[in-house]
Each structure stands twice: as structure tokens, then as C-alpha cells.
Amino acid sequence: MTAKTYKRYLITSALPYANGPLHLGHLAGVYVPSDIYTRYLRQRDRDVISVCGSDEHGVPITLKARKEGITPQEVVDRYHGINKKAFEDFGITFDIYSRTSNQVHHETASEFFKTLYEKGVFIEKTAEQYYDEEAATFLADRYITGTCPHCGNSSAYGDQCEQCGTSLSPTDLVNPVSTISGSKPVRKETKHWYLPLDKYEPWLKQWILEEHKEWKPNVYGQCKSWLDQGLHPRAVSRDLDWGVPVPVEGADGKVLYVWFDAPIGYISATKELTPDWEKYWKDEETRMVHFIGKDNIVFHCIVFPTMLKAEGSYILPDNVPANEFLNLENEKLSTSRNWAVWLHEYLEDFPGKQDVMRYVLCANAPENKDNDFTWKDFQNRNNNELVAILGNFINRAIVLTHKYFEGKVPELTSLTEQDQATLKEIEIIAQSVERSLENFRFREAIKTAMDLARLGNKYLADTEPWKIIKSDPERVKTILNIALQISANLTLLLDPFLPFSMEKLRGFLNFEGRSWDLIGTESLLAPGHPIEKASLLFEKIEDEQIEQQLEKLHITKEDNDESAEATPLQPEITFDDFTRMDLRTGTILEAEKVPKTKKLIKMQVDLGFEKRTIVSGVAEYFKPEELPGKKVSVLANLAPRKIKGIESQGMILLSENPDGTLHFVEPSEKAVNGSEIN
RNA sequence: GGCGAGGUAGCUCAGAUGGUUAGAGCGCAUGAUUCAUAAUCAUGAGGUCGGGAGUUCAAUUCUCCCUCUCGCUACCA
């Protein structure tokens, strides 16, 4: 809660990375809340702009381009287009949806770097890195493959071995190879710039831990965790040819690291939007709010503020209402496993139902913890809430008006106590919604807003106009007038949440009012004002539609299980290569968990001619007590390696299923310990 | 293993600087009602607030330990 009042608002929403399409998780975590908040502020006639755009730099995009044989620009053009359209289709109304590959951004980011550079903010460090002489370029970690020093996988990447999951540094690799030219890279010195986050630690502690105790617990806690662990300088440049070039002499072939470059995208988008951009970024009377997912907390709460602080002339975010993650039918969303509801596919299956999804995602937003999206819940909320409560109330009010008063708003005659209480309630509800929105409690806000429709239903049920129309038509005039005023108020109150449906409802009512301040007014519709015949605001979603969606996911799951993308075959080796591996049969004698680790088990393995101690990371799938007696295959001549202080003398062979489960490669019972495996 | 977040009715979630009968929506049951997309309205049944110990006159709310889920981090096949 900010005691301070602000003149204007700058809303930023996390820049989606332009190497894939958007799914429900993105919408629920970031864009629906940010859009609701922005629409609300606009409706209050606040000076507000909402900026977003595609994050288009970074190594994954260059890799995707290489894989598909197109340029990085072509990759980002494609997804920028798709995602921009998806946002528009869902009514996410950014004032600008820009992109970091455009010129304004390049200039802005470049200038920002230069300012910090000239102020002497950065630390310069020179380190050895692999260089491809044929391609005349330094190699990003992902562009180098080689043999993993841990598991012997010969196609490990420079940053990680996907076979054993170890994170690596390129210099760890045995026999490194450049994936660009296939040549053997050489080590060469290269200079990089680092942002000394550690120096800003005291300031960050004061700013966040003391001055922003009102941030959400998940955000505050995450920041505290980082600050308590101690911050380290972070490199802001990379050797890569895709990105914003480092604007310093002698920095050829270097670009700004994508995390440095991306948040500046908020600034450049604003610049592109308005020549007045500085008043949004450099005036203390602007309230800046970052909408992000939890994966971005550290960048928006620690790194970017540090950059802004170091630059000196920018304001800092006042709040960062980060959401947690959304699961789908009880499983984590996953782009690579296609476990997602893609925005464009949703609209194909449910055309015109943007608001239904907006509603469900807001009502069940992962505000405090990870939440689950299920199709059944989607159907229930649509049928029981949007259709039964909201749509039905509107329909009742309009149908009755046509039935009794030829579609003209009847006049308000005398008000009973209940009438007055009902009208008063509108304002109370509106204030409550307002409070929730100001505090970024969107699920509470939408629930409260729906109470207005509930109020309408209750009012009709209590006053029973259909009963008294014959005995007291004057009274019915008042009743329907109030029911219609509630409907008009609903268009105002629900507009931030359900913009498409409220547009439609305004059409039914021939109502043009948009201002939030009108809410609570009891004469939004003048007596005699004509309204249209109602069509349905929301329609029921049938079981078959839900089953279809579940079937779709079911198929995805089967595909994943069965034809799980076969990992590409390793490069061919010779028979000699093979014979260098000494594989033996063994039996596990004892096994115990290595203390203070999550996955490691220490085993004694009988190889017949000797006993070995082997440490293996299988504790997540096997209990130590079930291991003794198990036959295993052992790579016996692997160089010993110290793991958690224990020397592991060899490696036990395991196969890994697509779902990550591990299984021993078990020789048959008849195999004698120590026998060679050929 | 360390750190952070979370574990509250069948489901999805609120809440409490510790204090009388712990809340909402959906679902369920019963009743009312028919203007309405079999929609609505009322009433009700459901919870030893993850488990254990401690502090206190009093804990679901504070402290400690344990456990489960998610994330970050370390270690790692």
C-alpha cells in the first residue's frame, strides 16, 4: 500500500521471449492482471501507460535460427507477430507492444550502457574463453559441445550436460568442438563488463527490506533470500553477434547480455510510444509497477533497480506484484512437452470466449501459490458463475423490461428501504473492488465484482416483480429501473475484467458511460431510455467440449510417453573407442545415503576381483535399503572423482526414461561379478 | 543440504498484531420460486486450520522439530 498519491502510472509487463508462442500460464501470471489493472486505471481517468514487447535477443534464439536454417531476425519476426496478435485477440491492451530488436531499443540500451560505463560503474574482467578460429568468433557456451567430464557423454553442451544434468563451464569439457564450424576451438582472452551488485547490497537491503515491506510475501521473501545469500558481480556482456553491441571501443563481437538488455526494453518501448517518455521514467510522481512471473523476481527487484539506481536519473518500481505459476491439470506447464493450452488454439476451439478465459484465469490466479487450471473448473466457472449468475441476471432484467415496458427504462417512483439499501450496496461493492485492485488482489476483486450480479439476482427474487405486475405496476417500474441501473453499473465495474462482454452489454443497454466514478450512480439510464432485446451474454459450455480438450491433453501425454523425442545419436566412434571402456558386472553390497545431499547414494560394489566405492545420484528413485544384492553394470576404468568428499571409483550404468525415472542396467543373475561386458 | 513460499471445509481459496460459535465461492442436502440459458433465492450439513512438542490464563495464529508440495541454490548420476 502506498500512502503517497501519484500523478501518473507506468505499468510494465514482462517481455515474453520471442522463441515460442504464449500459453495460459503467461496470461494468468502476468498479462491478465496487468491488463485488468491498467484498464481500471484508465477507467479512473488516471494518466497511465502500459508497455510491453518481445524480448528478442539471447542465445536460445540464435540456436533456434541455426537449427531451422533461418536468421535470428526471422525467428523473432515470427513469434513477435504471433504473440502480438495473441495479446490483441485476448484484449490485452498495451499502449505499445514493442520489440528489442528495433532501433530505438538498440540506441536506448546502448546509451544506458554507455552512461554506466562512463560513470565507472562496471568492473572489467578478462578471462579465457573458447574462440572458433575458422568462424572468427567467440563461442557462447551453447555453441560448444564436448565430452562431459562427469558422465562421459560426448555431446555435452558448454553450459550443461543434458545427459547427467551437470551444469558445466565450457572449459570443463574434454575435447571441445565448435558447433559452428566443427573445428576445435582455442582458448583466447576476452574482456567482459560486470555489474557489481555486491556494492549495491546495503542500498538494496534498505530499499527493499525496510522500505517495501508491503510487497507480496513471495516477492519480499525471494528478495530477502537473495540479499541474505550475498550478491555477486554479474556479467553484462557476452561474445555473440546477436544483440545490442557493447558500445565501447575494442568490444567488437560483444553484445549486451540479454538480461541487461531486456528490462531496458521497457524504457525504449516508452520512448517509442511518446516523446514525453521521461516524465514516466524520471519523475518521482510516477508510480511504476512491474507485472511479472516469479521466475523474474530477481531481475525486477534486484538487478534492474540496481541498474536504474546506478544510472541515477530513473525512478524505481513502487511494486512488483509477481505471481506464482499455473499448472495444467495437475502438471507443470511445459512448452517442450507441449503440456499447455496455447492461446491461439484456445481461440480456435472457443471462438469469442476471451472473457471466459480471462475470468477463469483471474478468479483462479496463482497470486499466493502455484495454482491448477483444470478444464472442469473452467466449465464450472463459466456455467455456474458467468452464465448462471451474471448472464442470467442481465437476461432477466432485460426480458422483464421488454415484457412489461416495451423495452423502455421505466421511471423510478418511490423507493422502499430495501431499494435504498440495494442502491447503497452498489457503491459499497465498488469501493471494495477498488481496494482489492489497488492492492493487486485480483481474484478477490473479481469475486467481489460478481457480488453485484448476485445482488441483482437477490433483489429480483426478493421483490418478485412478476408477481405484483398486476396488482402494483407502479412498484414494478421502480424495481426494474433499479435492476437496470444495477446492469449499467455492472458494465462499469466488470469492464476491466470482461471487456468483450461488457462492450456487448453496453450495446444491449445502449449505454455509453465508461468512467469508474459513475459507479454507484442510481440514474445511469434515464427513464424512457430504450434498450435492445437481449441476446445471450455467455453461453453454456457442454461436457463434450471439455472432453475434447481433455482428450487433446491425453494425446499429448501419450505422444510424450511413446515417441518422446529420441535424443540424437552420438557421433560415431570406432571399435577402439569402445574397447577403451572397461565395463564390468558387479553386485551392490551396501548402500547408504550421502548426508546433506538430496540425490546421492554411496554404494559398495563387488566387482569380484575387488570392491569399489561408488557414489551415484539415484536417491530420488531408490531407497538405500532396496539396493544391496542388485546386479549392476559398472564402468570400471572411469577416472575416480571426489563427490562430497567421497571418492567415487567408477560409474554405475543407468537408463533414463523420458519422465526422468532411472533404471539399472541389470546383468542377468547368471553373470559373475567382475565379468567383462562386451 | 541451505534459503524462500505454501500445506485451512469434497474442490478452489480468504483470514487471524494469539481470545467468544474459523470464513467465501463452487459442489452437496432441504425448502421456496418460475421473469430467466433447469437459471435464481433461502436454509443447512461438512473443518481437532499438515503432524508433534514448547511458550501462554488462552495458539489454527508465536517458537522449535518433523513431514509433504512448489521455486531458487548447492551437490550430482
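Reminder, nothing fancy here: chain letters follow the sequence lines and each chain counts from 1.
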Chemist: I'd like the C1' distance from B:rC62 over to B:rC26, given in whole Å.
Modeler: 34 Å
Chemist: Please check if the side chain of A:N481 supplies one atom and the backbone of A:P410 the other of a donor-acceptor pair under 3.5 Å.
Modeler: yes
Chemist: Report the nucleotide, chosen from B:rC70, B:rU33, B:rC35, that has the shortest atom-to-atom distance to any side-chain atom of A:K332.
Modeler: B:rC70
Chemist: Considering non-hydrogen atoms only, spot the tightest contact between A:A14 and A:I292 and give its length.
Modeler: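 Minimum heavy-atom separation between A:A14 and A:I292: CB-CG2, 4.0 Å.
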Chemist: Quantified in whole Å, what is the P atom distance between nucleotide B:rA59 and nucleotide B:rA22?
Modeler: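 B:rA59 and B:rA22 have their P atoms separated by 15 Å.
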Chemist: If you look at every strand shown and take non-hydrogen atoms under 4.0 Å, does A:K376 touch a base, only sugar-phosphate, or nothing?
Modeler: nothing
Chemist: For the side chain of A:L400, starting at C-beta, report the closest nucleotide among B:rC35, B:rC3, B:rC41.
Modeler: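 Taking heavy atoms from C-beta onward, the closest nucleotide is B:rC35.
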Chemist: Identify whether the glycosidic angle of B:rG46 places it syn (within 90° of 0) or anti.
Modeler: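 Judged by the O4'-C1' to base torsion, B:rG46 sits in syn, the angle falling within 90° of 0.
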Chemist: So what does A:E385 touch, heavy atoms closer than 4.0 Å: a base, only the sugar-phosphate, or nothing?
Modeler: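 A:E385: backbone/sugar contact only, no base atoms under 4.0 Å.
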Chemist: Please check this pair: side chain of A:N382 against backbone of A:V356, looking for a donor-acceptor N/O pair closer than 3.5 Å.
Modeler: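 Side chain of A:N382 to backbone of A:V356, a donor-acceptor pair under 3.5 Å: no, none is there.
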Chemist: Find which nucleotide of RNA chain B each of A:R443 and A:Y404 is nearest to by heavy atoms, and output the residue with the more 5' nucleotide.
Modeler: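 Taking each residue's closest nucleotide, the earlier one in sequence belongs to A:R443.
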Chemist: Classify A:V387 by what it touches in the nucleic acid, base, sugar-phosphate, or nothing, heavy-atom distance under 4.0 Å.
Modeler: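 Base contact - A:V387 has a heavy atom under 4.0 Å of at least one base atom.
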Chemist: Nearest whole Å is fine: how far is B:rC70 P from A:F325 CZ?
Modeler: 13 Å
Chemist: What's A:L537 touching, base or sugar-phosphate or nothing? Going by heavy atoms closer than 4.0 Å.
Modeler: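 Base contact.
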Chemist: From the options B:rA5, B:rA42, B:rG25, select the nucleotide whose nearest atom is closest to the side chain of A:P217.
Modeler: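 In terms of side-chain proximity for A:P217, the closest of B:rA5, B:rA42, B:rG25 is B:rA5.
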Chemist: Quick one: look up who B:rA58 pairs with, Watson-Crick or G-U, both distances under 3.5 Å, and put none if it's unpaired.
Modeler: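 B:rA58 is paired with nothing.
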Chemist: What nucleotide, of B:rU12, B:rC35, B:rG4, holds the atom closest to the side chain of A:S225?
Modeler: B:rG4
Chemist: Say we look at B:rG10 and B:rC3: how far apart would their P atoms be, to the nearest angstrom?
Modeler: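 One P to the other, the span is 33 Å.
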Chemist: Measuring from the side chain of A:K369 (C-beta onward, heavy atoms only), which nucleotide among B:rU37, B:rU8, B:rC41 has the closest atom?
Modeler: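 Closest nucleotide to the A:K369 side chain: B:rU8.
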Chemist: Does a side-chain N or O from A:R454 land closer than 4.0 Å to OP1 or OP2 of B:rA42, or not?
Modeler: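 So the side chain of A:R454 is outside the cut-off, no N or O lying under 4.0 Å from OP1 or OP2 of B:rA42.
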Chemist: Distance check, P atoms only: B:rC66 and B:rG4, in whole angstrom units.
Modeler: 14 Å
Chemist: A:Y220 has an atom OH; how far is it from atom P of B:rG6, in whole Å?
Modeler: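 In whole Å, B:rG6 P and A:Y220 OH are 14 Å from each other.
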Chemist: Let's test this: given Watson-Crick or G-U wobble pairing with both distances under 3.5 Å, identify the partner of B:rG25.
Modeler: B:rC11
Chemist: Paired with B:rU48: which nucleotide, if any, by Watson-Crick or G-U wobble criteria at under 3.5 Å for both distances?
Modeler: none
Chemist: If we take the P atom in both B:rC65 and B:rG1, what is their distance in whole Å?
Modeler: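 Here B:rC65 and B:rG1 have their P atoms 13 Å from each other.
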Chemist: With rounding to the closest Å, how many angstrom separate the P atoms on B:rG25 and B:rA42?
Modeler: 9 Å
Chemist: Between A:N384 and B:rA39, does any side-chain N or O lie under 4.0 Å from OP1 or OP2?
Modeler: no
Chemist: Out of B:rU40, B:rA14, B:rU37, which nucleotide sits closest to the side chain of A:N395?
Modeler: B:rU37
Chemist: If you look at every strand shown and take non-hydrogen atoms under 4.0 Å, does A:K458 touch a base, only sugar-phosphate, or nothing?
Modeler: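 Sugar-phosphate: the residue A:K458, judged by heavy atoms under 4.0 Å, touches backbone atoms but no base.
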Chemist: Provide the Watson-Crick or G-U wobble partner of B:rC72, both distances under 3.5 Å; none if there is no partner.
Modeler: B:rG2
Chemist: Give the rounded distance in Å between these two atoms: CG of A:N327 and C1' of B:rG6.
Modeler: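 Atom-to-atom, A:N327 to B:rG6, this comes out as 13 Å.
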Chemist: Tell me: CG of A:D228 to P of B:rC72, nearest whole Å?
Modeler: 19 Å
Chemist: Using the C1' atom on both, measure B:rG2 against B:rU17 and round to a whole Å.
Modeler: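 Pairwise C1' distance, B:rG2 against B:rU17, rounds to 30 Å.
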Chemist: Just how far, in rounded Å, is C1' of B:rU69 from CD of A:E331?
Modeler: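 The answer, rounded to whole Å, is 15 Å.
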Chemist: Give me the distance, rounded to whole Å, that separates B:rA16 from B:rA24 when you measure between the C1' atoms they each carry.
Modeler: 15 Å
Chemist: Using a strict cut-off of less than 4.0 Å between a Lys/Arg side-chain nitrogen and an Asp/Glu carboxylate oxygen, indicate whether A:D370 and A:K294 qualify as a salt bridge.
Modeler: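 A salt bridge is present here (some side-chain N lies under 4.0 Å from a carboxylate O).
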Chemist: Which heavy atom of A:E201 sits nearest a heavy atom of A:L231, and at what distance?
Modeler: OE1-N, 2.8 Å
Chemist: To the nearest angstrom, how far is A:L452 atom CG from B:rU40 atom P?
Modeler: 16 Å
Chemist: Which nucleotide wins on minimum distance to the side chain of A:A388, given the candidates B:rA39, B:rC3, B:rA14?
Modeler: B:rA39
Chemist: What is the distance, rounded to the nearest whole Å, between atom CD of A:E539 and atom C1' of B:rA36?
Modeler: 16 Å
Chemist: At under 4.0 Å between heavy atoms, what does A:F393 touch on the DNA or RNA strands: base, sugar-phosphate, or nothing?
Modeler: nothing
Chemist: Among B:rU12, B:rG25, B:rC70, find the nucleotide with the atom closest to the side chain of A:D370.
Modeler: B:rC70
Chemist: Base, sugar-phosphate, or nothing: which does A:P465 touch, judged by heavy atoms less than 4.0 Å apart?
Modeler: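 Nothing, no heavy atom under 4.0 Å.
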Chemist: Is it true that, when you exclude A:E425 itself, more than 12 heavy atoms of the residues, nucleotides or ligands shown sit nearer than 6.0 Å to its CD?
Modeler: yes
Chemist: Can you confirm if the NZ or CZ of A:K213 lies within 45° of the ring axis of A:Y220 and under 6.0 Å from the centre of its six-membered ring?
Modeler: no
Chemist: Counting heavy atoms from C-beta on, name the nucleotide in B:rC26, B:rC35, B:rU12 closest to the side chain of A:W466.
Modeler: B:rC35
Chemist: Taking a pair as Watson-Crick or G-U wobble with both distances under 3.5 Å, which nucleotide is matched to B:rU40?
Modeler: B:rA32
Chemist: Select base, sugar-phosphate, or nothing to describe what A:K467 touches, counting heavy atoms under 4.0 Å on all strands.
Modeler: sugar-phosphate
Chemist: For A:K224 and A:F538, take the nucleotide of RNA chain B holding the closest heavy atom to each; which residue's nucleotide lies nearer the 5' end?
Modeler: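 Per heavy-atom nearest nucleotide, the more 5' residue is A:K224.
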Chemist: Which listed nucleotide (B:rG15, B:rU40, B:rC41) is nearest to the side chain of A:N392?
Modeler: B:rU40
Chemist: Got a sec: does the OH of A:Y257 have more than 12 other heavy atoms crowding it under 6.0 Å?
Modeler: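 No, OH of A:Y257 has 12 or fewer neighbouring heavy atoms, counting only those of other groups under 6.0 Å.
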Chemist: Which pair of non-hydrogen atoms, one from A:F304 and one from A:H290, has the smallest distance, and what is that distance?
Modeler: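 Heavy-atom minimum between the residues: CD2-NE2, 3.9 Å.
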Chemist: In whole angstrom, what separates A:L209's CG from B:rG4's P?
Modeler: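 Distance, rounded to whole Å: 12 Å.
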